[in-house]
Structure formats: structure tokens, C-alpha cells
Participant: 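The structure is given below, and queries will be raised subsequently.
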Amino acid sequence: MELLRLGAVGEERPYVRATDGTVYDLSSVTADIDGAFLASDGIARTRTALADGSLPVASVEGLRVGAPIAKPGAVVCIGLNYAAHAAESGAEPPKNPVLFYKHPNTVVGPNDDILVPRGSTKTDWEVELAVVIGKTARYLTTDEEALACVAGYTISNDVSERALQLEVSGGQWSKGKSCETFNPLGPSLVPADEISDPQDLALKSWVNGEPRQDSNTRDMIFSVAALIRDLSQYMTLDPGDIVNTGTPEGVALSGRFPYLSAGDTVECEIQGLGKQSQTLTQA
């Protein structure tokens, strides 16, 4: 099944898509898909409601797709987590996870427009596997404990403005990562137990229909489990928090492709999680 939030910006409602493709209204189970829903066994309660037939079928044609998690408390990001991307960025593969943050209000729907910051000439794309936390994670000691804290997975486009990130930030990456609309997320939240192996998912991106990134999560330097376990040693991850796990090679920063500009279209896809598409417009 897939958890969805559909509706106009600020008016999203919760839905669930069953394995046969039927979409059901989930508002009798929860007012929204957020940290409180995940922390209160919301996924299990949704499955129960699907099984007992208590959810009404929904007509959702034409509804905007919102981000699948409402108001995340934190968007924690990992840099240089694919060796080839580290190389194209001119960096050595890190010995420990590289951490930065995006402002939570960067999170938008998977097909919403991306706003190019005023004066930007180096707006870039990054397809990433996003982890949504379902249980509080603190001082975890094993990979099994770490994965037990994961509610599910979705697609993230970690949009970046490289001049702000690398040239005028004094090394503070978040300055180039936190511009408005810089984290399209979705289309849906797929429960963790429905992804057999998060370290074997193909991920791809395109710009204006031309291939850019084509890799697999098996190429991560630090696995999902290793990242969650590591993060839990120096921060507490709460239900509803998002962890962007890094991007593979094939971005504009490499010098092989032009940066994005208004009118361009970016598409991101991850095996088993769907596809998202954004058009760039000027802020």
C-alpha cells in the first residue's frame, strides 16, 4: 500500500492506495499523515481499516499530490554518500557521514514547481532515497534497531544552489540547500516492510527528458541502517523527520551538464517508489 496526501497546498487530506490501485479516504483514521500518525501505529491501523473494509473509496482524479508527510520537524541530509558523486564533486569519499540540514519548509509536493532563486545561475538537481522516521531514534547500537525506527521510504529531490552552497557560504552547505521549494518529496510514502531491501533500489533522474543520474542504492557508502544508527548518537530523530540519504553521480556540479534554469523540467524516479516531475520557474 501507499500513503498519500492529496489536495491544494495547505488543504491536503490523507489517503491510502491499496495494492489493487484503489484509493481510499483515510480521514476516519487520521486527520493527516504526520509524525503523530506514525508514532501511534498509524500504518498498522491503516492496514486494519483496509482489511475490514471500513474505508470509503475516494475519487481523486485531478487532485494535486502533496508531500506524503506533513510538517516534518527536521530534514536531515547526508552529503557525498556515493563514491562516484564524491569524485565528481572533487572530494574524497568520507570516512564518516557528512551532515547538513534543509529548512523543513523546503518540502513541497512531488510535482510542484521549483522556484529558481533570484540571481541564481547554479541551481542543481539530486535524486535521493528519503527515509521517514516512525519511531524515536536515540543512541541506537545495531542496524536492526535502526531499521525498526524507519516508517517508510519516498523520493526526494535535494535541489541545490551550488554558488550559495560552495562559493559564498563559507562552507555552510545549508545556505545553498534551504531555498524555498528546494525539497520536492513523494509521490507517496511506502511502508518500510514493503521494501524488501532499501540497499537495492534503482534511482534515476532526467532533465528535459535527457538522462542524468542512473545508479542504485547499493552504491551508498553508508547504508540506511548505518546512517540512522550514526545520526542517533548525536541527535534524536523524531517520528515524521526526514533523512535524505545522498545522491549518486550525474549532477550539474560535475561540469558535464548545464545547470537548471526557468522552463526546465526535472524528473526523479526510484524503483518501487514511483516518479516525480517538477518544472522550474523564476522566484
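What you see is a predicted model; the values in this text were computed from it and never measured.
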Participant: Has the side chain of W125 got a donor or acceptor atom that lies under 3.5 Å from a matching backbone atom of G250?
Facilitator: yes
Participant: Going through the distances and angles, do I228 and I133 end up as a side chain to side chain contact (heavy atoms under 4.5 Å, CB included)?
Facilitator: CA-CA 9 Å; I228 302 305; I133 299 300; 4.0 Å; yes
Participant: Has K102 got a side-chain atom pairing as donor or acceptor with V159's backbone, closer than 3.5 angstrom?
Facilitator: yes
Participant: Closest heavy-atom contact between V251 and R162?
Facilitator: CG2-NH2, 3.8 Å
Participant: Measure across A225 and L147 and return the closest heavy-atom pair with its distance rounded to 0.1 Å.
Facilitator: CB-CG, 3.8 Å
Participant: Ignoring hydrogens, what is the shortest heavy-atom contact between I221 and P93? Give both atom names and the distance.
Facilitator: CD1-CB, 3.9 Å
Participant: Scan side-chain atoms only and decide if T247 and E126 contain a donor-acceptor pair under the 3.5 Å cut-off.
Facilitator: no
Participant: Identify the heavy atoms of V60 and Y15 that sit nearest to each other, and give their distance.
Facilitator: CG1-CE2, 3.9 Å
Participant: For L115, what are the other residues in its hydrophobic cluster, where any two members join if their side-chain heavy atoms are less than 4.5 angstrom apart?
Facilitator: none
Participant: Please identify each residue that fulfils salt bridge (Lys or Arg N to Asp or Glu O under 4.0 Å) with D25, with sequence neighbours left out.
Facilitator: R13
Participant: Are the side chain of E11 and the backbone N or O of G7 linked by a donor-acceptor pair below 3.5 Å?
Facilitator: no
Participant: Compare all side-chain heavy atoms of T46 with those of Y24 and state whether any distance is below 4.5 angstrom.
Facilitator: no
Participant: Quick one: are L4 and P14 in side-chain contact, heavy atoms under 4.5 Å?
Facilitator: no
Participant: Any sub-3.5 Å donor-acceptor pair from T154's side-chain atoms to A130's backbone N or O?
Facilitator: no
Participant: Which value, rounded to the nearest 0.5 Å, describes the distance between F37 atom CZ and L189 atom CG?
Facilitator: 8.5 Å
Participant: With respect to N81, which candidate in L227, T217, N244 satisfies the side chain to side chain contact (heavy atoms under 4.5 Å, CB included) definition?
Facilitator: L227
Participant: Is the side chain of T245 donor-acceptor paired with the backbone N or O of V224 at a distance under 3.5 Å, no angle test?
Facilitator: no
Participant: Show the nearest heavy-atom pair for residues Y101 and S174, with the distance to one decimal.
Facilitator: O-OG, 2.6 Å
Participant: Checking side chain to side chain contact (heavy atoms under 4.5 Å, CB included) against I242, which of L237, V131, V107 comes through?
Facilitator: V107
Participant: Looking at E92, I want to see if its CD is surrounded by more than 12 non-hydrogen atoms of other residues, nucleotides or ligands under 6.0 Å.
Facilitator: no
Participant: Can you establish whether the number of heavy atoms outside Y234 located under 6.0 Å from its atom OH is more than 12?
Facilitator: yes
Participant: For S156 and E128, does a side-chain donor sit closer than 3.5 Å to a side-chain acceptor?
Facilitator: no
Participant: Determine whether D113 and T181 satisfy the following criterion, side chain to side chain contact (heavy atoms under 4.5 Å, CB included), listing intermediate values before the conclusion.
Facilitator: CA-CA 7 Å; D113 288 351; T181 73; over 6 Å; no
Participant: Is the closest side-chain heavy-atom distance between I270 and C268 below 4.5 Å?
Facilitator: no
Participant: Got a donor-acceptor contact below 3.5 angstrom from the E161 side chain to the A163 backbone?
Facilitator: yes
Participant: Just by distance, do the side chain of D124 and the backbone of S160 share a donor-acceptor pair under 3.5 Å?
Facilitator: no
Participant: Could you grab the distance from atom CG of L203 to atom CD1 of I155, nearest 0.5 Å is fine?
Facilitator: 9.0 Å
Participant: Quick one: does any side-chain atom of R45 pair with a main-chain N or O of S40 as donor and acceptor, under 3.5 Å?
Facilitator: yes
Participant: Between OG1 of T121 and CG of L260, what distance do you get to the nearest 0.5 Å?
Facilitator: 11.5 Å
Participant: Scan residues 219-246 for pairs that pass salt bridge (Lys or Arg N to Asp or Glu O under 4.0 Å), counting only residues two or more places apart or in two chains.
Facilitator: D143-R229
Participant: Which pairs, with at least one residue in residues 56-74 and sequence neighbours excluded, count as a side-chain hydrogen bond (donor to acceptor under 3.5 Å, both in side chains)?
Facilitator: E12-R64, R64-D112
Participant: Given side chains that start at C-beta, do those of C179 and L164 come closer than 4.5 Å, heavy atoms only?
Facilitator: yes
Participant: Could you list all the salt bridge (Lys or Arg N to Asp or Glu O under 4.0 Å) pairs where at least one residue sits in residues 183-194, not counting sequence neighbours?
Facilitator: R47-D193, R47-E194
Participant: Return yes if some donor-acceptor pair links the side-chain N/O of E269 with the main-chain N/O of K275 below 3.5 Å, else return no.
Facilitator: no
Participant: For L55 and S28, what are the C-alpha separation, side-chain angles and deciding distance, and is it a side chain to side chain contact (heavy atoms under 4.5 Å, CB included)?
Facilitator: CA-CA 7 Å; L55 299 177; S28 62; 3.5 Å; yes
Participant: Indicate yes or no: at least one non-hydrogen side-chain atom of T236 is less than 4.5 angstrom from one of Y139.
Facilitator: no
Participant: Are side-chain heavy atoms of F182 and T123 found at a separation under 4.5 Å?
Facilitator: yes
Participant: Of the non-hydrogen atoms in L140 and A146, which two are nearest, and what is the gap between them?
Facilitator: CD1-CA, 3.6 Å
Participant: Is the backbone of V207 close enough, under 3.5 Å, to the side chain of E267 for a donor and an acceptor to pair up by distance?
Facilitator: no
Participant: Under the ring-ring contact (aromatic ring centres under 6.0 Å, His included) rule, collect the residues that match up with F222, sequence neighbours excluded.
Facilitator: none
